[in-house]
2 protein chains.
Amino acid sequence: MSETAWEIEKAAHILKLLGDKTRLTIVAILKQRECCVCELLEVFNMSQPSVSQHLRKLKDAGLIKEERRGQWIYYSLHPQNKEYDLMEAILQHIPDQTENIRRIEETNPTLRCGC
Amino acid sequence: MSETAWEIEKAAHILKLLGDKTRLTIVAILKQRECCVCELLEVFNMSQPSVSQHLRKLKDAGLIKEERRGQWIYYSLHPQNKEYDLMEAILQHIPDQTENIRRIEETNPTLRCGC
DNA sequence: GCTTTATATAAGTATATGCTTATATGATTA
DNA sequence: TAATCATATAAGCATATACTTATATAAAGC
């Protein structure tokens with residue numbers, strides 16, 4: 001396969017991943033604030049495994065990274081990635097997520113440990 | 001639904017549409033040159049109805065427009081559309097399609113009429 | 001070490017998607 | 001007006017996707 005065809009393939013894969021409302025919202029939130037799964041759960045009306053599966057796909061594509069801190073696994077964007085530029089360009093056209101982040105911080109699911 | 005949620009929904013829909021290798025290549029080609037279906041058929045290894053169905057989806061989303069000229073229906077990008085900015089930003093990260101266009105012009109499927 | 005909390009993985013399922021072939025529509029030409 | 005060419009639509013089908021519930025793993029606290 002030609003280099004061009006391969007680049008199109010990779011870009012299409014990124015676009016397909018971000019072409020899901022939940023995943024698009026996740027990366028838009030992570031652009032403003034790293035989050036663990038239980039925090040993202042406050043935003044979405046779905047089960048924990050479902051959110052974890054979306055995070056897995058984004059991680060497999062290299063768009064986000066994870067970092068375990070004690071009990072929690074924190075997710076954030078992964079700017080070193082080669083496909084990051086495309087995602088960044090897209091995110092500039094996605095509305096601000098301050099409202100969702102406010103909801104996370106009001107509920108504060110990680111309150112118990114005080115961190 | 002909030003305005004933000006609706007905007008995310010619309011953006012996700014555009015990204016899902018462009019998250020297909022065939023459709024992404026189509027809009028990348030159309031950015032450089034308007035084409036009719038029989039021209040695009042030279043590029044893709046699939047049936048005519050399949051290409052038509054991809055074009056239909058892009059048209060329904062307002063990303064491309066069609067213009068009948070005699071027997072042929074020419075497709076091109078539709079910059080007046082509200083979602084065009086997002087697509088434009090994406091297309092800046094997609095490789096040049098001159099090679100595919102060369103293939104179209106070599107074969108020249110609309111040769112018969114001389115236009 | 002047992003329980004709880006956070007998260008991941010597995011398995012199942014309904015729906016969406018992208019292709020195919022067959023057929024319809026619409027313009028051109030003989 | 002019959003035949004041809006370009007394109008669209010319909011129907012069918014195999015695979016992909018996004019969820020669910022059930023279960024596994026891994027860290028923290030008693």
Side-chain angles (χ1 to χ4, degrees), chain A residues 8-9 12-27 30 34-61 64-76 104 107-115, chain B residues 8-9 12-27 30 34-61 64-76 104 107-115:
Chain A
I8 287 265
E9 194 112 4
H13 180 229
I14 301 302
L15 295 172
K16 180 177 284 181
L17 278 176
L18 299 182
D20 173 271
K21 190 185 153 189
T22 303
R23 285 192 294 266
L24 186 58
T25 306
I26 287 176
V27 294
L30 295 185
E34 65 169 12
C35 288
C36 59
V37 177
C38 65
E39 288 175 329
L40 292 171
L41 263 176
E42 298 296 329
V43 175
F44 303 105
N45 197 17
M46 62 180 55
S47 67
Q48 170 266 314
S50 196
V51 172
S52 280
Q53 282 155 9
H54 283 302
L55 289 166
R56 181 83 207 286
K57 290 185 180 186
L58 292 169
K59 197 188 68 169
D60 285 350
I64 65 175
K65 56 185 165 64
E66 65 179 39
E67 180 195 336
R68 181 178 278 275
R69 292 213 287 278
Q71 224 167 345
W72 294 273
I73 299 176
Y74 281 87
Y75 288 90
S76 55
I104 290 173
T107 324
N108 200 355
T110 60
L111 185 64
R112 297 167 201 82
C113 77
C115 60
Chain B
I8 287 264
E9 194 112 3
H13 180 229
I14 301 304
L15 294 172
K16 179 176 283 179
L17 278 175
L18 299 182
D20 174 271
K21 190 184 154 187
T22 303
R23 285 191 296 265
L24 186 59
T25 306
I26 287 176
V27 294
L30 295 185
E34 64 169 13
C35 288
C36 59
V37 176
C38 65
E39 288 175 330
L40 292 172
L41 262 175
E42 298 296 329
V43 176
F44 303 105
N45 197 16
M46 63 179 57
S47 67
Q48 171 265 316
S50 196
V51 173
S52 281
Q53 282 154 9
H54 283 302
L55 289 166
R56 183 81 208 285
K57 289 183 183 188
L58 292 168
K59 197 187 70 168
D60 285 350
I64 65 175
K65 56 185 164 63
E66 65 178 41
E67 180 194 335
R68 181 178 278 275
R69 291 214 285 279
Q71 223 167 346
W72 295 273
I73 298 177
Y74 282 89
Y75 288 90
S76 55
I104 289 172
T107 324
N108 200 354
T110 61
L111 184 64
R112 298 167 200 81
C113 76
C115 60

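Lettering of chains follows the sequences in order, A, B, ..., and the numbering in each one begins at 1.
For dT7(C), its base never sits under 3.5 Å from the side chain of Q53(A) at any donor and acceptor pair. For dT5(C), the base has a donor-acceptor partner in the side chain of Q71(A) [N/O atoms by modelled type, under 3.5 angstrom]. Counting distance only, with no hydrogens placed and no angle test, the side-chain atoms of Q48(B) and the base atoms of dA8(D) include a donor-acceptor pair under 3.5 Å.
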Side chain to side chain contact (heavy atoms under 4.5 Å, CB included) between L58(A) and Y75(A), worked out:
CA-CA 10 Å; L58(A) 292 169; Y75(A) 288 90; over 6 Å; no
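K16(A) comes within contact range of the sugar-phosphate backbone alone, with a heavy-atom separation under 4.0 Å but no base atom that close. Counting non-hydrogen atoms under 4.0 angstrom, R69(A) reaches nothing in the nucleic acid. At the heavy-atom level, K57(B) lies under 4.0 Å from the strands shown only through sugar-phosphate atoms.
Not one side-chain nitrogen or oxygen of R68(B) sits closer than 4.0 Å to the OP1 or OP2 atom of dT7(D). Side-chain N/O atoms of R56(B) include one lying less than 4.0 angstrom from OP1 or OP2 on dT9(D). Between S47(B) and dT20(C) there is a side-chain N or O to OP1 or OP2 distance below 4.0 Å.
The side chain of C36(B) approaches dT7(D) more closely than any other nucleotide in the set dA8(C), dT7(D), dT20(D). Nearest to the side chain of S52(A), among dT9(C), dC19(C), dT20(D), sits dT9(C). In this structure, the nucleotide among dA8(D), dA8(C), dA18(D) sitting nearest to the side chain of H54(A) is dA18(D).
The separation between D20(A) atom CG and dA16(D) atom P is 17 Å, rounded to whole Å. Atom OH in Y74(B) sits roughly 14 Å away from atom C1' in dA27(C) (whole-Å rounding).
Here the closest non-hydrogen pair linking Y74(B) and C36(B) is CD2-N, 3.8 Å. Closest of all the heavy-atom pairs between K57(B) and L17(B) is CB-CD2, 3.8 Å.
Counting only distance, with no hydrogens or angles, the side chain of R68(B) and the backbone of I73(B) share no donor-acceptor pair below 3.5 Å.
Looking at heavy atoms from C-beta onward, I64(B) lies out of side-chain contact with S76(B) at the 4.5 angstrom threshold.
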